[in-house]
Amino acid sequence: MILKNLITVRAALNGRKHFANVIQRTSLSTISNRQQLDLLKLDYNGITDSVHDQLASIVGSENVSSSTAILEQHSHDESYHSPVLPDTVVFPGSTDEVSAVLRICNEQRLPVVPWGTGTGLEGGAIPSLGGVVMDLGKRMTTIRSINESDFDATVEPGVSRMRLNDELRATGLWFPMDPGADASVCGMAATSASGTNAVRYQTMKHNVLSLEVVLANGSILRTGGRSRKTSAGFDLTGLFVGSEGCLGAITAATIRLHPQPERAVAAFSAFPSIRNAVDAATAIMQCAIPVAKIEFMDEDMVDAVNRFSDLENSIKPTLFIEFHGSEVSTDDDLSRTADIVSEFGGADFTFAKDVEERSRLWKARHSALYACKTLRSGPNIRYIMTDVCVPISRLSECLTRTKEDILECGLPGPIVGHVGDGNFHVILLVDRSNSDEMDIATGVIDRMCHLAISMEGTCTGEHGIGIGKQKFLVHQLGASTVDAMRNLKSTFDPNHIMNPGKIFSFT
């Protein structure tokens with residue numbers, strides 16, 4: 001269900017600081033909030049004093065909050081979708097506490113949204129039907145183990161990727177998944193995140209060895225062990241990676257670690273057109289040059305980051321590339337890449353071998369989102385960031401046609417991309433108070449997603465479905481496949497309390 005407008009009214013219950021949701025929504029579907037609750041078999045009318053006291057007895061009264069500030073903090077993620085206040089926020093401190101909280105919520109048919117850091121981009125963490133937000137990141141902050149010889153670590157939901165890498169620095173290992181935000185590792189597993197390093201180190205699906213998951217009824221599952229290979233039973237780890245909190249709450253993740261590269265070299269080059277830049281990236285991949293990153297920015301994005309970061313890069317479509325390896329191998333990779341870039345009209349080929357200079361080159365790419373916010377100002381201006389992914393052979397066409405569509409719509413819409421994976425992001429700046437602009441922006445997203453799907457790609461490469469991409473899922477996978485997902489949801493969560501209204505609706 002995709003929500004467009006929202007009015008949330010809070011009323012105090014029995015003099016306490018709990019609240020009941022009175023929510024009026026204008027939906028793009030014909031299913032009302034009450035009908036959605038009925039379809040999910042959730043007879044939900046708010047949280048009673050008795051339930052509040054039960055939750056407090058599990059986690060401690062100081063770890064259950066219905067204060068306005070806490071509710072507002074947990075009412076939205078980083079997406080443009082309208083916030084919805086939960087009724088209460090619970091901060092469990094252990095897997096056993098998560099299990100006990102979920103047992104109560106399941107008995108009382110209370111909607112529950114697992115929460116990591118709230119950095120998602122498709123509304124997946126918004127408590128659309130109110131209920132309980134279970135913040136797993138505040139107290140569950142333990143790195144349970146780092147196994148240097150086995151190249152793995154086990155972490156709880158409050159461990160972010162940056163904190164983990166800080167802990168790993170002295171070991172010579174690192175966790176290379178980098179979605180941009182300092183997301184929690186378990187949250188990255190829940191959304192199947194990836195980022196700039198996926199072209200070499202792959203995605204979260206390939207870097208999670210096993211998970212600890214608590215189901216809606218309080219059962220605790222461990223989906224695997226630490227071995228690099230297994231053929232024992234169903235792949236439950238793969239099932240829960242990308243499940244967006246709809247099947248259970250991830251309370252620990254065992255992940256692969258990688259050796260820190262002996263040397264890293266960065267380079268960038270400007271091109272006369274988007275097609276030239278993307279075709280060059282494709283050629284680099286086809287020549288089996290083992291790039292660690294190969295990132296794209298269109299000319300609008302380059303212009304924005306130049307002004308934001310006081311840089312002087314050529315205002316043209318640009319590739320940013322990084323190589324990892326030995327001194328000999330990276331020099332060879334750099335030389336071969338320079339030859340390919342030249343063949344496709346690349347100019348100003350610049351490279352950096354020391355850390356400081358490499359950081360300066362990457363400054364433009366890492367500041368892209370902040371730079372976009374400077375393209376248009378105003379109290380109602382928000383960015384809508386979305387992504388698609390296509391087979392690499394179709395990337396040039398998909399990206400070029402999307403850029404033409406953005407230029408025709410008249411809204412600022414810079415493009416960045418992990419082009420080594422066929423994945424790119426559009427960032428549209430819109431006035432949320434202007435319904436015409438919102439319609440224009442959603443039209444661009446619709447056409448972009450349908451185009452990607454028509455090319456045997458996907459409507460989302462790394463953001464997840466959440467609220468924002470639901471209407472494309474049937475088109476991409478087919479009704480029978482989505483029905484199979486619904487059946488899986490009903491098996492693991494028969495009362496439909498876990499993050500209801502996400503990925504698909506029960507219409």
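For the single chain, residues carry numbers from 1 onward in sequence order.
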*asked:* side-chain hydrogen bond (donor to acceptor under 3.5 Å, both in side chains), that's the test. Do N106 and N217 meet it? Break it down for me.
replied: CA-CA 6 Å; N106 194 47; N217 65 2; over 6 Å; no
_Partners meeting ring-ring contact (aromatic ring centres under 6.0 Å, His included) with F240 (sequence neighbours left out)_ = F492
*Which residues satisfy the ring-ring contact (aromatic ring centres under 6.0 Å, His included) test with F472, sequence neighbours excluded?*
H450
Min side-chain heavy-atom separation [X]-[Y] under 4.5 Å:
| X | Y | result |
| --- | --- | --- |
| K489 | M498 | yes |
| E122 | T386 | yes |
| H425 | H463 | yes |
| E97 | F91 | no |

Hey, what do you get for [atom1] ([X]) to [atom2] ([Y]), rounding to the nearest 0.5 Å?
| X | Y | atom1 | atom2 | answer |
| --- | --- | --- | --- | --- |
| L168 | I143 | CG | CD1 | 7.0 Å |
| M385 | L121 | CE | CG | 6.0 Å |
| K471 | I465 | NZ | CD1 | 12.0 Å |

*Would I255 and L164 satisfy side chain to side chain contact (heavy atoms under 4.5 Å, CB included), going step by step from the backbone distance to the final call?*
CA-CA 11 Å; I255 50 164; L164 176 60; 3.4 Å; yes
*What pairs meet the ring-ring contact (aromatic ring centres under 6.0 Å, His included) rule with one or both residues in residues 108-162, with sequence neighbours excluded?*
H74-W115
Under 3.5 Å side-chain donor-acceptor pair for [X] and [Y]:
| X | Y | answer |
| --- | --- | --- |
| T88 | S66 | yes |
| T203 | S194 | no |
| T48 | S50 | no |
| T251 | E212 | yes |

*List in chain and number order the residues that pass side chain to side chain donor-acceptor pair (under 3.5 Å) with E295, two or more places apart in sequence or in another chain; answer none if no residue qualifies.*
R365, H418
_Can you list everything that forms a side chain to side chain donor-acceptor pair (under 3.5 Å) with S490? Sequence neighbours excluded, please._
H496
*Between T117 and D182, does a side chain to side chain contact (heavy atoms under 4.5 Å, CB included) hold up when you go through it step by step?*
CA-CA 8 Å; T117 55; D182 188 22; over 6 Å; no
*Residues which pass salt bridge (charged side-chain N to carboxylate O under 4.0 Å, His left out) with D96, listed by chain and number, not counting sequence neighbours*: none
